[in-house]
Amino acid sequence: MSEPLLSIRGLKAGYGDFQALFGIDLDVPAGETLALIGANGAGKSTLLRAVTGLVSCRPEMVCFDGRAIGGMRPDRIAALGIGLVPEGRRLFRSLSVEENLVIGGERALAGPWSLERVYGLFPILREKRRNPGMALSGGQQQMVAIGRALMANPRLIMFDEISLGLAPVVIRDIYAALPTIVATGVSVVLVEQDVTRALSVAQRFACIQEGRVSLAGQPGEHDRAAITAAYFGTDVKSGAH
Amino acid sequence: MEWVNAIVQGILIGGLYALFAAGLSLIFGVMRLVNIAHGDMIVAAAYVALVVVQATGLHPLASAVIVVPLMAALGYAMQRLLLNPTIGKDLLSPLLVTFGISVILQNGLLVAFTADSHRLAAGSIETASIQVAPGLALGVLPLVMFAASVLIIFGLELIFYRTSLGRAFRATSDDPEIAQLMKLDRNHVFGMAMALSAAIVAIAGIFLAIRTNFDPSAGPARLIFGFEAVIIGGLGNLWGTLAGGIALGVAQAIGAQISPGWQILAGHLVFFLVLAVRPRGLFPRMD
């Protein structure tokens with residue numbers, strides 16, 4: 001296997017005196033989808049924030065395309081091609097739907113995504129393009145947030161809690177769009193509460209528990225009990241292993 | 001007719017107050033910072049115009065060609081070097097820095113130009129007027145200033161709602177953290193906001209210098225007028241700011257008509273009245 005696109009080594013990070021991550025090791029190969037699972041407060045969001053530069057860490061702890069980027073300025077990291085769909089969408093409230101998308105596409109890398117392509121993926125957004133971003137339903141806001149990240153033509157796109165707080169039917173729509181996104185060759189990190197769903201779309205997964213990787217591998221490699229144990233930190237006796 | 005005259009003059013001066021306010025409103029909108037030095041920056045711009053006019057012999061209005069870019073560059077540098085390092089930690093430190101800049105500007109101007117008051121002579125345009133009705137004449141200069149103020153506010157609206165710089169301003173104001181993920185360098189965005197504010201300050205300073213006598217201590221009163229215009233109009237609404245400036249100007253003109261002592265007080269009273277009845281201003285847009 002060639003050099004992974006994103007490589008995390010011994011990542012320690014936190015907020016002030018509070019340490020959230022205690023030495024995370026992770027790889028995301030180019031073009032693959034990594035599911036990041038774990039209970040609330042396990043450190044998944046902190047991990048994404050460290051990769052995007054919103055939380056600082058030592059340079060060599062996060063490498064992107066062979067380059068140490070830990071602790072770089074968030075705007076510089078974004079310019080390298082890392083996109084984030086943040087938890088809670090966090091659309092710009094004073095910007096219209098279309099402006100939210102356009103601002104995502106400023107100084108974009110070369111690539112397949114454009115306003116037209118995003119509208120093709122989520123046709124409802126074309127209808128609502130003049131509306132304020134915040135006037136949309138939760139699911140439509142999530143579509144805007146995804147489109148905003150895609151507009152930059154990122155090489156790595158990270159979804160934080162992609163389906164949190166959304167209605168089941170909307171979650172289905174969002175997941176229906178994922179293959180189209182993945183097919184463009186972008187690498188994906190997916191943070192998701194629904195383990196079954198996350199594992200069904202990912203080539204690899206990593207389970208985070210209390211700031212450490214408690215289990216990692218390919219979805220078929222481990223049985224449900226092992227994953228559950230890694231998720232909750234309970235001592236489940238695994239059988240033949 | 002005296003009263004009509006007073007009100008019309010009040011409306012025209014309101015444009016200048018809106019100019020005082022627009023830059024203040026811009027900075028508050030983009031970085032949630034009340035720039036205490038704003039009034040002193042206006043006065044400093046008036047002195048810069050004075051120096052430029054004396055050195056080059058340009059007409060005061062034409063001096064804008066030099067004063068505006070110069071003030072914008074100074075504003076950008078001030079933001080990057082003095083204010084940005086303090087922004088984001090807490091609300092008080094950048095506020096204190098602007099207070100410090102205010103004190104330094106006032107005393108720096110005092111050292112450089114003494115406490116004598118100055119004025120820029122604009123020539124024949126100062127006395128030119130248009131007779132619109134018997135007993136009602138409009139000065140050409142106040143009309144030009146008012147028109148310029150309306151144009152500047154219109155231009156600001158265009159920048160805010162039609163350009164990528166304006167999108168960057170609004171996005172940074174909405175969510176500074178996520179705005180960085182849009183490849184926006186926060187320090188540069190704030191620098192550009194201060195540069196734009198300082199460009200408006202430059203125009204306001206030139207107009208102030210032509211209209212009235214100014215001295216190094218004239219800044220704080222301009223800050224108050226600008227602040228009141230912003231609050232009366234409603235935060236985040238530039239046309240509201242123009243309305244606020246006009247309301248303030250008319251109140252002062254009516255006050256002056258009653259008795260000279262009432263001029264400034266009447267403006268403050270209207271401000272308090274609006275605060276009491278509509279605490280978010282007449283046309284609020286910002287949450």
Side-chain angles (χ1 to χ4, degrees), chain A residues 15-16 45 48-49 51-56 72-109 130 132-134 141 144-154 156-160, chain B residues 25-32 79-80 84-85 87-90 156-193 196 234-241 280-281 283-287:
Chain A
Y15 310 90
S45 287
L48 300 198
R49 290 173 65 84
V51 173
T52 51
L54 293 175
V55 165
S56 71
M72 257 171 70
R73 257 174 32 203
D75 54 304
R76 297 242 167 100
I77 291 179
L80 295 176
I82 297 183
L84 176 71
V85 180
E87 181 179 352
R89 281 87 66 177
R90 296 188 51 185
L91 301 184
F92 299 114
R93 64 170 68 236
S94 68
L95 271 59
S96 69
V97 166
E98 185 154 298
E99 284 178 321
N100 266 287
L101 295 174
V102 168
I103 200 170
E106 302 248 15
R107 292 177 290 279
L109 301 178
R130 303 250 174 265
M134 304 298 278
Q141 285 188 29
V144 178
I146 293 171
R148 182 176 67 180
L150 287 176
M151 286 289 288
N153 280 305
L156 169 71
I157 185 166
M158 305 193 292
F159 301 93
D160 196 0
Chain B
S25 174
L26 173 74
I27 293 305
F28 183 81
V30 175
M31 54 188 114
R32 298 288 181 276
Q79 182 67 38
R80 299 280 317 224
N84 276 346
I87 276 185
K89 293 175 191 91
D90 62 283
L156 268 181
E157 281 272 329
L158 280 185
I159 289 175
F160 249 75
Y161 292 100
R162 292 279 180 276
T163 69
S164 72
L165 181 65
R167 266 199 307 274
F169 284 158
R170 285 183 290 146
T172 303
S173 166
D174 288 345
D175 191 331
E177 195 172 81
I178 299 300
Q180 297 182 81
L181 302 185
M182 305 294 118
K183 304 174 188 175
L184 295 171
D185 174 4
R186 199 190 67 161
N187 288 331
H188 178 67
V189 171
F190 285 176
M192 290 303 285
L196 188 56
L235 274 178
N237 185 343
L238 286 166
W239 292 114
T241 297
R280 303 183 61 222
F283 313 101
R285 198 187 269 170
M286 191 183 284
D287 296 316

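Order of the sequence lines sets the chain letters (A, B, ...), proteins ahead of strands, with each chain counted from 1. Computed over heavy atoms, backbone and side chain alike; hydrogens, waters and symmetry mates excluded.
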Review point. If only atom types and distance count, is the side chain of B/Ser173 paired as donor or acceptor with the main-chain N or O of B/Gly29 below 3.5 Å?
Key: yes
Review point. Chain B heavy atoms under 4.5 Å from A/Arg73: which part of the residue, side chain, backbone, both or neither?
Key: side chain
Point to revise | Closest-packed option against chain B by number of heavy-atom pairs under 4.5 Å, given A/Glu99, A/Met151, A/Arg76 | key: A/Glu99
Check your understanding: Ion pair present between A/Arg49 and A/Glu87, side-chain N to carboxylate O less than 4.0 angstrom?
Key -> no
Point to revise | For chain B, the option from A/Ser96, A/Ala78, A/Ser94 that forms the most heavy-atom pairs under 4.5 Å | key: A/Ser94
Point to revise | Name of the residue among A/Leu84, A/Val85, A/Asp75 meeting side chain to side chain contact (heavy atoms under 4.5 Å, CB included) with B/Leu181 | key: A/Leu84
Study note, to complete from the structure: Value for CZ (A/Phe92) from CZ (B/Arg167), rounded to nearest 0.5 Å, stands at 11.0 Å
Review point. Is it the backbone or the side chain of A/Leu95 that comes under 4.5 Å from a heavy atom of chain B, or both, or neither?
Key: both
